[in-house]
Each structure stands twice: as C-alpha cells, then as structure tokens.
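Keep in mind that what you see is a predicted model, and the values were worked out from it rather than measured. What you see below is based on every heavy atom in this structure, not just the backbone, and it leaves out hydrogens, waters and symmetry mates. To find a chain, count down the sequence lines: A is the first, B the second, and so on, and within it residues start at 1.
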Amino acid sequence: MNERFKGFVPILIAIITVVTAIVAYLQSDASNRDDRSGRDANSLAVEMLGQNINGNSRSYYDYNEAFQTWFQLDVQATAAQERGDDAAAVRYTSAAEQIRLLSPLLQAPYFDEGTGDVDFARYEVDTFRARVTQLGEEYTAAAGVKDAWDTKANTYIVHLTILAVSLFLLGLAASIDHPASQVIFVVVGSALALVAVVWAALVYAAPVFDLRTQPAAIEAYTRGVGLVYQNRDDEALAAFNEAVTAYPDYAAVYVARGGANLRLSNYEAAAADFEQARTMGAETPSMLGDLAIAYYYLGQFSKAIALQQSVVENSPSELWVQFDLGATQLISGQVDAARATYEGAMQAAIAEVQAAQQASTTPSSQLWYGLNFGVLGLEEIRGLIANGEGTPDPALIPDPAAVDEAAGALIKQIKELTVGLEYQGTAPSGSLSATISNFTFGVPVYADDGTVSLEVGEAFISGVSEMSLLFDYDGLRDGQMIVIKVYIDGDEDPSWRIVRDWDGGTSGSGYEIPLAIAYSDTFILSSATYTVEMYVDGLLAGSGEFVIEE
Amino acid sequence: MEAAHVQEDDRLKIVIALLIAVTSVVGAIVAWRGSVAADAAGDSDTAGLRAAIHLNEVRALSAVTTYGDYGAYTQYYRDRQIIAALEADLSALPEDAVDEIDALNTELANVNDQMTVAQQTFPNQFLNRDGSYGLERQQGQIFADAARAADLDPVTNFSEADQFRTKSQNFLIIFSALAVTLVLLTLIEVATDRLKMVLLGGGSLLLVVSIVGTVLIEMGRLGS
C-alpha cells in the first residue's frame with residue numbers, strides 16, 4: 001500500500017508540474033497581450049491628440065483666416081456697391097474670388113456661392129473630426145482589451161500560486177512516513193490543483209472581445225457621430241442603425257442613437273436606446289439625465305424623478321439635472337419639493353462661483369449652460385399651460401395655476417441669480433427700489449434738416465439697421481449697475497449686451513438707450529423676435545419685445 | 001550477477017545526474033535569453049511610444065506653425081490682390097480725374113503698408129515663384145528637421161517589440177519543456193525498470209529538442 005502510494009505521488013507531482021508549466025505559459029501570453037494592448041491604447045491616445053490639434057489648427061485657419069478674409073472682402077464689396085462705388089466693389093469681389101483659392105473650405109461642397117455660407121461642421125468632420133472619433137473608439141477598444149488581458153494575467157498568477165501550494169503539499173506527502181498525514185496532504189494538494197486547473201480552464205475559455213475586429217460598426221458609428229455634429233440627426237439614425245446591425249452589443253451606439261432620437265422628439269425610441277445602453281453598463285450622468293428627459297416627455301414623471309434624484313445624489317455637479325429634477329417635480333404638482341430643488345441648485349451655482357473666485361479661476365461654462373437650461377425648462381412648462389397642448393400632455397399637470405405661478409417666480413429668480421453671479425459673484429440681495437415702466441422700442445428716423453425722431457412700435461419692417469430702447473423710470477440712483485440682455489428668437493446674443501453704471505438721475509421719462517447702431521452701409525437687424533431685459537443691480541426691472549418682420 | 005546489476009544502476013544514476021545538470025544549465029540559459037528578449041520588447045515598446053509622441057508633437061507644432069504663417073500670407077495675398085486691382089483702376093483713369101486719382105493713391109498707400117507688414121510676419125522662403133505659398137514644402141521641411149533630431153517611426157519599433165515578445169514567449173515554451181524533462185528524469189528514481197528506460201529516452205529526447213529549439217530561436221530561425 002505504502003509503495004504504491006509512494007509511486008503515485010511523484011506521478012501526481014509530474015502532472016501538476018506540466019500543468020503549472022502550461023499555466024505559466026498562458027500567464028506569460030496574457031501578460032504579453034496586456035502589454036501590447038496597453039501600448040496600442042497609449043499610441044492611439046497620442047495619435048488622437050495629435051490629429052485633434054492638427055485638425056483644429058487647420059480648420060482655425062480655414063474659418064478664422066481664409067473665410068473671414070473672404071467675408072470681409074464680400075462685405076466691403078457690398079458696402080462699396082451700396083454707396084455707388086462700383087469700381088471698388090469690383091476690386092473687392094475680385095480679391096475675394098482669389099482668396100477662395102486658398103482654402104478647400106471656400107470650395108464646393110462646403111461653400112455655397114449663392115449665399116456665401118460655409119458648411120464648416122461638415123468640413124471639420126471630413127478633415128479631422130471623423131478620424132478623431134474613430135481613433136477614440138479604437139483607443140477605447142484597445143484599453144478594454146488591455147484591461148481584460150490584465151485581469152486574465154493576474155488571475156493566472158493566482159492559479160500558479162495555488163499550484164505551487166499544491167506541489168508543496170505533495171512534496172511533503174512524499175517525504176514523510178506518517179500514512180494519515182500523507183493521505184491528508186495528497187487529498188488537499190490534489191483538490192487544490194484540481195481547483196486551479198478548472199479555474200484556469202474557465203479563464204482561458206473566456207473570450208476577450210476587441211471592438212477593432214468590427215471595423216464596419218466603428219465606421220458606421222463614426223459616420224453617425226459626424227452627422228450628429230452637423231445637426232443631421234435623421235441621417236445619423238440610419239448610420240447608427242447600420243452600426244447596431246454590424247455589431248449589436250456596441251453600447252456607445254445606443255447612447256448616441258438615444259441622443260439623436262431625443263433631439264428628434266422620438267422619446268420612446270430614445271428611452272429604449274438609453275435603457276439598452278444602461279443594461280450594457282454604459283452609464284454616465286449625462287446619459288441618465290437624457291434618459292430622465294425622455295421619461296419626462298413621455299409623461300412618466302415618477303420614473304424621471306427617481307432617476308434624476310439618483311444622478312443628483314451621485315453627481316451633484318450636474319446642475320442641469322438638478323434643474324431638470326425641479327422641473328419634473330413642478331410639472332407633477334410637487335410645487336414645494338420643486339422650490340426646494342431649485343433653491344438647492346441655485347445654492348450649488350453660488351458655491352461653484354465662489355469656489356472659482358477663491359481659486360482665482362473662472363467657473364465652467366456648464367454653470368451658465370445649467371442656469372440657462374433651468375430657465376428654458378420652466379418657460380416650456382409655462383408654455384404648455386398657456387397653450388393647453390404639447391408634450392408632455394398638459395392634462396397631466398395637477399394644479400396648473402399653482403405650477404404656472406411658481407414657474408414664473410423661479411424664472412425671475414434664476415435670471416437674477418445669473419446676472420448677479422456673472423457681475424457680482426453672488427446672488428443679488430435686497431429688493432428692487434426703482435420702477436421701470438413704458439418699456440418700448442424705437443427706430444431712429446433722420447430728417448433732411450438733421451433732426452432725429454423715433455418711430456416707436458412693437459413690429460418693424462425688414463431692413464431696420466438701428467434700434468433704441470425707451471423707458472420711464474423712477475427711484476434709480478446714479479452708479480447703480482444696469483445690465484441689458486437681448487434674446488433673438490429665445491437665445492441671448494451676447495454681442496448686444498450692455499453693461500454700464502446708471503447716470504440718468506432718479507427719475508425721468510422716454511430715456512433712450514441705443515441697442516443697435518448702424519455704423520456701416522451693410523448692417524441690418526435680421527428678421528426675428530427680440531426680447532429685451534433690463535436689470536438694475538442684478539434685479540430684473542423691466543422687459544419687452546419687438547419683432548422684425550420678414 | 002548482482003554486482004553487474006549494481007554497476008549498471010550506478011552508471012544509470014551518473015547519466016541521469018549528468019542529464020539533470022545539463023537540463024538545469026540549459027534551463028538557466030533559456031530563462032536568461034527569454035528575460036533579455038522580454039526586456040528588449042519592453043525597450044522597443046518604450047522607443048515606439050516615444051517615437052509616436054515625437055511624431056504627433058511634430059504634427060501638432062507643424063500645423064500650428066504652418067497655418068499661422070499661412071494666415072499671415074493670406075492677409076498679404078489679399079492686400080496684393082487689392083493693390084493689383086487698384087493699380088489697374090488707376091491706370092485706366094484719365095489724367096484730369098485728380099480727385100479720384102488722389103483717393104485711389106491714398107488707398108493704394110494704405111493697402112501697401114498693410115501688405116508690407118503682413119509680408120514680414122511669415123517666412124518668405126516658402127513663397128513660390130508664382131506668388132503662391134509652399135505650405136506643403138514648409139510642413140515637409142519641419143518634418144525633415146524633426147526626423148533628423150528624433151525617431152518619428154513608431155511602427156518599426158512596435159513591430160520589433162512584437163518580434164522580441166514572440167521570442168520571449170518561445171523561450172518560455174522551451175523552458176516549460178525543460179521543466180517537464182526535469183520531472184521525467186526525476187521520476188526515473190521511483191519507476192520500474194521498463195519505465196525507467198522510457199522516461200530516460202523521453203527526457204533525453206525532450207532535452208535535445210529543447211537545445212536545438214533554443215539555438216534556432218536565438219538565431220531567429222524559429223517562430224519569429
């Protein structure tokens with residue numbers, strides 16, 4: 001019995017040694033693949049960075065130098081024509097035509113000879129953005145492969161350790177004479193070896209997926225991202241569908257397609273895409289925020305609130321999601337909860353600005369985006385209530401009057417906070433002591449005798465090149481900060497913004513502030529609705545709008 | 001009979017001891033060469049990454065420099081076109097159009113000053129004979145200068161690293177075979193007489209194959 005046992009142990013040791021050698025080989029192989037993928041990932045990251053800088057430098061030249069020069073010459077030609085200097089117009093037009101030869105951006109298919117517009121987004125996508133996106137996907141794939149092989153290599157080390165312990169126990173069994181101890185060591189050693197072998201086999205069998213083996217899917221995804229960049233969401237959907245067909249487990253495609261569907265108001269499809277991406281582990285605060293928006297428009301307020309609360313909890317810096325949460329609470333009738341959420345979001349904005357001030361930096365653009373987003377969400381709710389139709393269904397709003405009143409107050413509060421943070425670094429304090437009334441608009445009319453009068457109104461015909469704001473006032477003090485913001489079709493145009501100290505005394509009527517001045521022969525106000533707001537020391541004092549008709 | 005058997009057993013033990021010693025020495029050499037190859041693979045990877053960084057640095061700097069210069073050239077080119085048109089208009093004017101001649105001359109002087117300034121802000125050596133700008137020539141020169149100062153070829157380095165990695169991997173296979181050889185030679189001690197010869201034959205064959213494999217891998221004739 002003892003002799004047979006003694007003969008069996010060395011054979012066992014021999015087998016386990018061979019297995020150990022195989023596992024050592026697998027470990028080395030996994031480690032090599034890990035190194036190679038890591039190297040590929042680093043190399044792709046560096047190339048992506050280089051291509052991005054290269055492409056941006058080039059497109060900066062094309063737009064900010066070549067196109068701008070062409071545009072200047074074109075405007076100069078138009079101005080020369082307006083004042084009857086045909087020879088100068090010909091000179092500028094001819095020079096502009098020559099400038100077009102310097103950049104592909106000023107050639108077909110990017111340049112529209114009829115309008116003089118350039119399709120800069122398409123140019124950027126064609127020259128470098130598509131390539132950068134592709135490199136980004138390849139980098140992500142290589143990094144994923146590196147992680148997978150790294151995990152395998154480390155797991156094989158565990159197997160090798162177990163096999164070493166197993167060999168030690170079997171060696172011990174061969175060297176001692178106590179039968180019971182020999183049996184224990186052989187049984188435990190063999191069991192350990194068996195565990196290591198089975199485990200190693202499972203690790204070996206687990207496939208390592210490399211997205212780079214799906215070039216058709218990457219190409220379609222890259223094309224889709226490029227189309228999204230050009231605001232061509234409809235066409236992007238087709239590209240994303242192609243990518244999903246080529247590789248159905250491509251999580252990034254579901255995120256991107258969800259975004260395109262959301263912008264196209266395909267809320268159910270958007271929610272389905274985001275949910276699919278979630279099941280694949282592609283969760284980001286931004287994507288979850290978008291999923292909540294899809295739920296919101298589908299009228300699934302409780303699902304949206306739960307999701308937004310979890311995002312706010314995990315990523316408190318996502319200000320826009322906080323405002324979204326407030327909007328969802330408000331529209332679902334939770335007015336007090338909504339007020340508290342908005343208050344929290346505004347406090348977060350104040351804290352971010354103050355932290356930036358203390359660090360002598362500036363807050364991120366996301367802050368202003370978030371504040372603006374908050375206002376837009378509330379204005380949308382007021383629009384739904386006012387129109388009685390839209391998405392989500394206004395019938396789902398439990399107490400429209402209370403919701404509308406709260407939304408109006410919150411809009412004013414957020415707008416005032418935005419101005420206060422921008423110019424004073426804190427929320428405006430106190431209440432408005434001044435009264436601004438008769439907020440109207442007028443176009444200067446120049447008479448032949450040199451006198452100037454104002455044509456006052458709310459709607460003006462196309463071709464207007466100047467505009468003034470007129471108002472009566474009482475209770476203003478010299479030195480108070482006046483901010484005037486102009487929104488063109490709902491979006492603020494910062495080039496119109498006026499910031500100045502008040503010097504017009506305490507009270508008066510028909511005070512004129514020129515909003516747009518025609519310095520050239522070519523400038524006219526574009527056809528749109530212009531909303532003008534006036535702030536005194538950060539507090540909204542008056543607002544009004546005028547229309548430039550087609 | 002008994003004495004002959006003992007003598008034969010002694011000789012076998014000496015042969016086994018020699019084979020185990022040779023296997024151990026070969027194993028050590030294989031481990032050393034494998035380690036050197038793995039180290040070289042790492043070095044080539046690092047060199048490749050360094051080359052990739054240099055390459056993209058040069059790409060970026062080249063783009064920033066050349067398109068910056070091209071921007072200055074664009075201003076120069078615009079002014080040159082306007083000057084040419086002004087000169088043509090001037091020559092077409094009758095001599096008695098004094099006011100118009102004065103106005104055009106003033107404009108000509110202003111644009112000429114602008115062109116002179118613009119001309120000084122980009123390297124004139126890249127101006128072609130026809131007045132166009134040699135953008136690709138300038139980029140090519142920047143790359144050529146950079147290539148003289150640093151390695152800009154990551155691909156060659158990476159393929160070299162892959163070759164070294166394969167070599168190191170192959171040495172590991174040889175090392176595993178030598179480990180098995182050692183086990184076979186050790187098992188002779190506890191094996192039956194018939195099995196002893198099988199184990200001896202198998203171990204010796206594996207050792208010879210391993211030695212030949214090592215030489216071929218080192219010479220780059222196997223698995224590279």
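- Of the atoms belonging to B:L104, it is side-chain heavy atoms, and not backbone ones, that fall under 4.5 Å from chain A.
- Heavy atoms of A:T17 lying under 4.5 Å from chain B belong exclusively to its side chain.
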**Request:** Under the side-chain contact (heavy atoms from CB on, under 4.5 Å) rule, what do A:R91 and B:E107 come out as? Steps first, then yes or no, please.
**Result:** CA-CA 12 Å; A:R91 281 198 298 273; B:E107 194 177 344; 3.5 Å; yes
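- Per-residue counts of heavy-atom pairs under 4.5 Å with chain A were compared for B:L61, B:V180, B:L55, B:D89; the largest is that of B:D89.
- Residue A:Y60 does not touch chain B at all, counting heavy-atom pairs closer than 4.5 Å.
- Using a 4.5 Å cut-off between heavy atoms, A:A14 touches chain B through backbone and side chain atoms alike.
- Proximity to chain A (any heavy atom under 4.5 Å) is restricted, for B:L187, to the side chain, taken from C-beta onward.
- In terms of non-hydrogen atom pairs under 4.5 Å with chain B, the most contact-rich of A:A88, A:A95, A:S57, A:A87 is A:S57.
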**Item:** Step-by-step side-chain contact (heavy atoms from CB on, under 4.5 Å) determination, A:R39 to B:F158
**Value:** CA-CA 9 Å; A:R39 178 196 76 191; B:F158 288 152; 3.1 Å; yes
**Request:** Decide yes or no on side-chain contact (heavy atoms from CB on, under 4.5 Å) for A:Q51 and B:R59, but give the supporting numbers first.
**Result:** CA-CA 8 Å; A:Q51 294 276 4; B:R59 267 188 193 149; 3.8 Å; yes
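- The shortest heavy-atom contact between B:N56 and A:G50 is OD1-CA, 3.7 Å.
- Taken from CG in A:L49 to CD1 in B:I53, the straight-line distance is 10.0 Å, to the nearest 0.5 Å.
- Side chains of A:S43 and B:L49 form a contact here, defined as non-hydrogen atoms less than 4.5 Å apart.
- The structure places OH of B:Y73 at 13.5 Å from CD of A:E65, a figure rounded to the nearest 0.5 Å.
- Counting heavy atoms from C-beta on, the side chains of A:D62 and B:Y67 never come closer than 4.5 Å.
- With values rounded to the nearest 0.5 angstrom, A:E97 atom CD is found 11.0 Å from B:Q81 atom CD.
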**Request:** Determine, stepwise, if the pair A:T69 / B:Y77 fulfils side-chain contact (heavy atoms from CB on, under 4.5 Å).
**Result:** CA-CA 10 Å; A:T69 303; B:Y77 185 72; over 6 Å; no
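- Contacts of A:L73 with chain B are made by side-chain atoms alone, with heavy-atom separations under 4.5 Å and no backbone atom involved.
- Neither side chain, B:R78 nor A:Q98, offers a donor N or O lying under 3.5 Å from an acceptor on the other.
- Here the shortest heavy-atom pairing between A:I53 and B:A60 reads CG2-CB, 3.5 Å.
- With a 4.5 Å cut-off on non-hydrogen atoms, A:Q68 does not touch chain B at all.
- Counted by atom type alone, B:T74 and A:Y61 present one or more donor-acceptor pairs between their side chains at under 3.5 Å.
- For the atom pair CD1 of B:I82 and OH of A:Y92, the computed distance is 5.5 Å after rounding to the nearest 0.5 Å.
- When each of A:N56, A:D29, A:N32, A:N54 is scored by its heavy-atom pairs under 4.5 Å with chain B, the top score falls to A:N32.
- A pairwise comparison of heavy atoms in A:A24 and B:L172 identifies O-CD2, 3.6 Å as the closest pair.
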